[in-house]
Amino acid sequence: MRSFHFLVVLALAMAISSPLVAANLRKNYYAKICPNLENIVRGSVQRSMQQSPIAAPATLRLFFHDCAVRGCDASIMIINPNGDDEWRNPDDQTLKPEGFTTVIAAKAAVDSDPQCRNRVSCADILALATRDSIFLSGGPNYAVELGRFDGRVSTRNSVNLPHGNFNLDQLTGYFGSLGLSPTDMVALSGGHTIGAASCNFFGYRLGGDPTMDPNFAAMLRGSCGSSGFAFLDAATPLRFDNAFYQNLRAGRGLLGSDQTLYSDPRSRGLVDRYAANQGAFFNDFVAAMTKLGRVGVKSPATGGEIRRDCRFPN
């Protein structure tokens with residue numbers, strides 16, 4: 001436990017010096033600008049989820065990939081004519097189109113209201129769509145801080161994301177650079193309770209990783225031979241719950257970076273807590289998502305705008 005306390009101190013020190021952490025947000029930002037905003041976005045997300053079971057996990061992953069790179073400014077959605085943009089970085093090529101289309105559809109729904117047209121940022125729509133994807137999948141319903149502006153810059157080389165083979169120190173260091181604590185990191189990892197991963201992200205573990213349940217490894221070999229992917233939470237892959245942590249306790253974490261949360265004794269206590277208490281997981285997840293949503297927030301003074309089309313700067 002002493003080692004984990006050291007990691008907490010390390011993460012706090014990194015957060016203090018982090019240039020990415022910024023916020024000037026409030027929960028009622030659009031109360032007079034677009035009073036029906038949240039109902040509009042939720043209805044649109046619900047329709048997207050009815051059209052595709054991938055929509056929810058794809059949107060949640062899109063939010064993290066956006067906030068973790070240039071801050072929560074929807075720069076992940078920009079398409080540059082010269083091909084130099086975030087989503088064409090190899091680490092973002094695995095993002096599913098259903099996440100992008102969920103946000104684009106929600107933006108169209110918002111703009112169909114004359115009072116709201118071109119007055120709500122793509123970054124805020126992405127944050128709301130992410131919350132709604134989580135809630136409509138069985139997860140917590142939480143208030144979202146709003147008031148982000150959209151970034152104008154998106155470059156391939158700016159992408160720096162955690163990988164599926166990271167150990168605890170690498171994970172803690174990465175999340176610490178965003179101003180997030182080790183507890184935030186373990187809680188946010190629970191987002192892997194929905195979604196899937198291609199076999200190339202975990203196939204190296206199937207040849208005798210001692211932290212993986214052998215029966216689970218055998219099942220994954222079959223999945224990789226047929227479909228080429230596996231669910232991150234094989235127990236309840238479409239439901240946002242705490243089964244992800246219960247899987248880790250049984251050696252059934254898909255990614256090495258997930259299983260290390262239990263195999264490393266420094267974070268095992270949190271995994272045990274969340275596995276036993278879904279409410280504790282939900283509470284810490286909401287707190288971590290709120291902090292993540294404050295990373296790198298743009299304003300007009302820092303080059304932010306409200307994009308008319310989420311795919312292109314104005």
Side-chain angles (χ1 to χ4, degrees), residues 20-49 55-56 59-60 62-64 66-67 70-78 99-152 179 184 188 191 240 282-314:
L20 293 176
V21 181
N24 186 20
L25 309 173
R26 61 182 186 271
K27 294 170 183 175
N28 62 346
Y29 184 87
Y30 292 102
K32 295 182 179 179
I33 300 170
C34 180
N36 201 32
L37 173 63
E38 300 209 18
N39 288 332
I40 295 171
V41 172
R42 178 160 293 183
S44 179
V45 171
Q46 191 164 31
R47 289 189 292 273
S48 293
M49 290 176 61
T59 304
L60 172 55
L62 188 66
F63 181 69
F64 178 79
D66 182 52
C67 293
R70 303 189 72 91
C72 304
D73 65 352
S75 57
I76 185 61
M77 301 196 69
I78 291 177
F100 294 92
T101 56
T102 295
V103 177
I104 291 170
K107 165 72 168 168
V110 170
D111 284 349
S112 69
D113 184 330
Q115 187 173 354
C116 306
R117 186 172 299 132
N118 297 326
R119 303 189 72 188
V120 181
S121 69
C122 299
D124 278 342
I125 291 173
L126 173 55
L128 287 170
T130 299
R131 185 274 310 276
D132 293 337
S133 295
I134 292 164
F135 172 67
L136 293 170
S137 298
N141 189 21
Y142 56 94
V144 177
E145 295 178 337
L146 300 167
R148 301 167 187 81
F149 283 76
D150 298 321
R152 295 174 178 168
D184 296 328
L188 288 173
F240 196 99
F282 281 5
N283 287 339
D284 286 356
F285 180 82
V286 168
M289 285 291 284
T290 301
K291 289 172 66 175
L292 176 63
R294 296 169 181 165
V295 174
V297 170
K298 304 294 187 298
S299 70
T302 58
E305 64 180 9
I306 294 179
R307 276 183 231 141
R308 290 185 290 271
D309 186 326
C310 291
R311 301 169 297 173
F312 307 104
N314 294 341

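Formation of a donor-acceptor pair under 3.5 Å by the Lys298 side chain with backbone atoms of Ala123 is not found in this model. In this structure a side-chain-to-backbone donor-acceptor pair under 3.5 Å is present from Arg307 to Gly151. Proximity of a side-chain donor or acceptor of Ser44 to a complementary backbone N or O of Val41 within less than 3.5 Å is not detected. Put simply, the side chain of Asp66 gets close to the backbone of Asp73: a donor and an acceptor are under 3.5 Å apart. Judged by distance alone, with hydrogens and angles left aside, the side-chain atoms of Arg148 form a donor-acceptor pair with the main-chain N or O of Gly293 at under 3.5 Å. Asp150 places a side-chain N or O within 3.5 Å of a backbone atom of Cys122 that can act as its donor or acceptor partner. The main-chain N or O of Ile306 is found under 3.5 Å from a side-chain atom of Asn314 such that the two form a donor-acceptor pair.
Within the model, atoms CD1 of Ile134 and CG of Leu60 stand 5.0 Å from one another, a figure rounded to the nearest 0.5 Å. Atom SG in Cys34 sits 11.5 Å away from atom CG in Asn118 (nearest 0.5 Å). With rounding to the nearest 0.5 angstrom, the OG atom of Ser299 is 7.5 Å from the CG atom of Asn24. How far CZ of Phe63 is from CG of Leu128: 9.5 Å, rounded to the nearest 0.5 Å. To the nearest 0.5 Å, atoms CE (Met289) and CG (Asp184) are separated by 11.5 Å. Going from atom CG of Asn28 over to atom CD of Glu145 covers 11.0 Å, rounded to the nearest 0.5 Å.
Judged as a ring-ring contact (aromatic ring centres under 6.0 Å, His included), not a single pair has a partner in residues 287-309 (not counting sequence neighbours).
Of all heavy-atom pairs spanning Leu146 and Lys27, the tightest one is CD1-O, 4.3 Å. Cys310 approaches Lys107 most closely through the heavy-atom pair SG-CG, 3.9 Å. Shortest non-hydrogen contact noted between Glu38 and Asp132 is O-OD2, 4.4 Å. Here the shortest heavy-atom pairing between Thr102 and Ala55 reads OG1-CB, 3.6 Å. Contact record, Pro140 with Phe285: CG-CD2, 4.5 Å, taken as the closest heavy-atom pair. A pairwise comparison of heavy atoms in Val103 and Leu126 identifies CG2-CD1, 3.6 Å as the closest pair.
Residue Arg117 qualifies as enclosed at atom CZ: its count of foreign heavy atoms under 6.0 Å is above 12.
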Give the intermediate values and the outcome of side-chain contact (heavy atoms from CB on, under 4.5 Å) for residues Phe135 and Phe240. CA-CA 8 Å; Phe135 172 67; Phe240 196 99; over 6 Å; no
For a side-chain contact (heavy atoms from CB on, under 4.5 Å) check, start with the C-alpha distance between Ile104 and Met77, then their side-chain angles and the critical distance, and finish with the verdict. CA-CA 9 Å; Ile104 291 170; Met77 301 196 69; 3.9 Å; yes
Taking it one step at a time, do Asn141 and Arg42 satisfy side-chain contact (heavy atoms from CB on, under 4.5 Å)? CA-CA 11 Å; Asn141 189 21; Arg42 178 160 293 183; 2.8 Å; yes
Taking it one step at a time, do Thr130 and Phe64 satisfy side-chain contact (heavy atoms from CB on, under 4.5 Å)? CA-CA 10 Å; Thr130 299; Phe64 178 79; over 6 Å; no
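In this structure Ser133 satisfies the side chain to side chain contact (heavy atoms under 4.5 Å, CB included) test together with Val45, Ala56, Thr59, sequence neighbours excluded.
Using modelled atom types, one finds no donor on one side chain facing an acceptor on the other under 3.5 Å when comparing Tyr29 with Asp124.
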